[in-house]
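Reviewing the structure listed below.
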Amino acid sequence: MPILAIETSCDETSVAVVRSGCVLANAVSSQTKLHAEYGGVVPELATREHLRNLLPLARAALAEANVSVGEIRAVAVTRGPGLPNALLVGLKAAQALAFALRRPLVAIHHHEAHLYSPWIRGRTADFENFQPNISLIVSGGHTMLVKVEAELHHLLLGATLDDAAGECFDKTAKLLGLPYPGGPVIDRLAADGNPRAHDFPRPLLDAANDDFSFSGLKTAVRYFLQKNPVLPDDAHGLRDLCASVQTAIVETLVGKTIRAAKREKVQCVTASGGVTCNRQLRRDLAAACERAGLTLRLAEPDYCTDNAAMIAVLAERKLARGLVEPSLDADISPGWSLEAVAV
Ligand code: KG4
Ligand code: ZN
């Protein structure tokens, strides 16, 4: 029987229907354009958009899945981490639905769901090929390395001490007068630039830990622009700058991920989160994994960014193993740590 999942932790409203590892529907409404005007996610606007979009999206997902609401076996929802009021919209809707249907409510950790999103291929959750792995989660809000020792068992190895990688892309773009979100814009401009034109720091690349720190890199770009103010007006200069910054971010992410995989003696690397859409990251991680003899599972672009399919897939795996205690009383957990779940 199908599971319906709701995801509203940040600026994507999403409702998915999954049955036996098959994604029957994964409806997503992105608010990126709404927030672009403000140069970042405005929590109050995000909350209102979730309220506006959630029910139409749920209807659309059920229609696409060809499932009636009465057939739903369980309701899954992102409990955290995320923006408090945005999470509340999803959680209250999920609670109301579970209560009305007399079905269990499964509260899911957003990052734990990201850990398994690379195993969704097209419309199928492919856990038959699952291998222990090092998982890189890179988004606008988070950058972390996690060892997934077995399905539903993980260990947080390191995380960003300040800015996330996506935040570094977005803040650099802002310094360059480029629109929000900056990641995709820098990705496009960098494609025609010289990545060795400028030497920006690779923060903590050689540190003996799995942590990240990207705020210094953004500051290095700011100082660079103070010394070279005309550069952004020059198309060539702008492309070279984007390529150089992107390469500093990507080399740091790839270097630390591969090193952790070798040290932890796993054979597989996975990656998810919005920054995993970055073409250079996908390319360079693939090349580095090949050189190191590691298998790579990159989340497909639809499953890189926030989506309810990954929430439903994880809820289904947990329910099948009796690993959740469904309760209608779950509360949001905006700062929920990944270490607190399923270790
Ligand atoms: O996972 P996501 O959609 O939302 C959260 O932050 O939770 O990630 C959004 C982030 C933004 O910082 C955006 O600039 C970045 O992912 N991003 C990219 C690319 N596409 C999205 N960064 C670099 N290259 C891209 N192609
Ligand atoms: Zn996310």
Side-chain angles (χ1 to χ4, degrees), residues 5 7-14 16 28-36 39-43 46 50 78-83 86-87 90 108-118 120 135-144 146 159-160 163-176 178-191 193 195 212 214 217-218 242-243 245-254 270-285 298-311 314 334 336 338:
E7 154 66 41
T8 61
S9 64
C10 190
D11 63 341
E12 259 100 28
T13 319
S14 180
V28 182
S29 169
S30 172
Q31 305 174 5
T32 303
K33 281 197 184 123
L34 173 76
H35 299 288
V41 177
V42 183
H50 288 313
T78 305
R79 183 182 163 209
L83 301 171
L87 289 167
I108 293 291
H109 191 292
H110 181 82
H111 294 133
E112 191 183 11
H114 267 302
L115 292 179
Y116 300 98
S117 62
I120 312 176
S135 193
L136 173 71
I137 304 179
V138 258
S139 70
H142 298 274
T143 303
M144 52 181 80
V146 184
T160 184
D163 289 355
E167 207 175 345
C168 186
F169 272 108
D170 295 341
K171 288 179 174 172
T172 300
K174 198 169 183 178
L175 290 170
L176 295 172
L178 299 170
Y180 173 88
V185 184
I186 291 183
D187 186 347
R188 263 197 312 277
L189 289 166
F212 297 92
F214 287 106
L217 175 52
K218 168 203 66 193
C242 287
V245 174
Q246 179 171 284
T247 298
I249 298 174
V250 168
E251 276 187 20
T252 307
L253 294 173
V254 172
T270 73
S272 64
V275 178
T276 307
C277 292
N278 184 272
R279 289 171 296 171
Q280 186 181 350
L281 177 60
R282 295 179 85 83
R283 209 171 46 234
D284 290 3
L285 202 49
L298 291 167
E300 292 179 356
D302 280 352
Y303 301 122
C304 278
T305 46
D306 292 345
N307 66 89
M310 66 181 187
I311 306 297
L314 178 58
W336 205 3
L338 188 55

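All ligand and atom numbering here is 1-based and tracks the order in the structure.
Near Gly166, meaning under 4.0 Å from any of its heavy atoms, are these atoms of ligand 1: 12 (O). Listed by number with element, the atoms of ligand 1 under 4.0 Å from a non-hydrogen atom of Gly141 are 6 (O). Residue contact check: Pro181 has heavy atoms under 4.0 Å from atoms 14 (O) of ligand 1.
Nearest heavy-atom pair, Gln31 versus Thr13, reported as atom, atom and distance to 0.1 Å: NE2-OG1, 3.8 Å. Minimum interatomic distance between His142 and Ala164 (heavy atoms only, all atoms of both residues): N-CB, 3.4 Å. The heavy-atom pair separating Ala46 from Cys10 by the smallest distance is CB-O, 3.8 Å. When every heavy atom of Val41 is checked against every heavy atom of Pro43, the shortest pair comes out as O-CD, 3.4 Å. Contact record, Ala165 with Val275: C-CG2, 4.3 Å, taken as the closest heavy-atom pair. Looking at every heavy atom in both residues, Ile137 comes nearest to His111 through CD1-O, 3.6 Å.
Judged by distance alone, the side chain of Ser14 and the main-chain N or O of Ala308 form a donor-acceptor pair under 3.5 Å.
Counting only protein N, O or S atoms, the number found under 2.8 Å from the Zn ion (ligand 2) is 3.
Taking each of Pro81, Ala190, Gly274, Cys168 in turn, the one with a heavy atom nearest to atom 16 (O) of ligand 1 proves to be Gly274. Taking only non-hydrogen atoms, the option from Gly273, Ser30, Gly140 nearest to atom 6 (O) of ligand 1 is Gly140. In this structure, of Ala173, Cys10, Pro184, the residue bringing a heavy atom nearest to atom 19 (C) of ligand 1 is Pro184.
Side-chain atoms of Asp170 and Glu167, non-hydrogen and from C-beta on, never get closer than 4.5 Å to each other. For the pair Ile249/Thr172, no side-chain contact is recorded, criterion being any heavy-atom separation below 4.5 Å from C-beta on. Looking at Tyr116 and Thr270, their side chains never come closer than 4.5 Å, going by heavy atoms from C-beta outward. In this structure, the side chains of His114 and Asp306 come closer than 4.5 Å at one or more pairs of heavy atoms.
The distance criterion of under 3.5 Å between nitrogen or oxygen atoms is met by Asp306 with respect to ligand 1. For a threshold of 3.5 Å applied to N or O pairs, the pair formed by Asn278 and ligand 1 contains at least one separation below that value. Below 3.5 Å of separation, one finds an N or O of Asp187 facing an N or O of ligand 1. At under 3.5 Å, a nitrogen or oxygen of Asp170, whether backbone or side chain, sits near a nitrogen or oxygen of ligand 1. At under 3.5 Å, a nitrogen or oxygen of Gly183, whether backbone or side chain, sits near a nitrogen or oxygen of ligand 1. Of the N or O atoms in Cys304, none lie within a sub-3.5 Å distance of an N or O in ligand 1.
Closest protein heavy atom to atom 3 (O) of ligand 1: Thr305 CG2, 3.4 Å. Nearest to atom 15 (C) of ligand 1 among the protein's heavy atoms is Val275 CG2, 3.9 Å.
The side chain to side chain contact (heavy atoms under 4.5 Å, CB included) test with Glu7 is passed by exactly one of Thr78, Leu87, Ile108: Thr78.
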Stepwise side chain to side chain contact (heavy atoms under 4.5 Å, CB included) test for Asp187 and Gln246: CA-CA 7 Å; Asp187 186 347; Gln246 179 171 284; 4.0 Å; yes
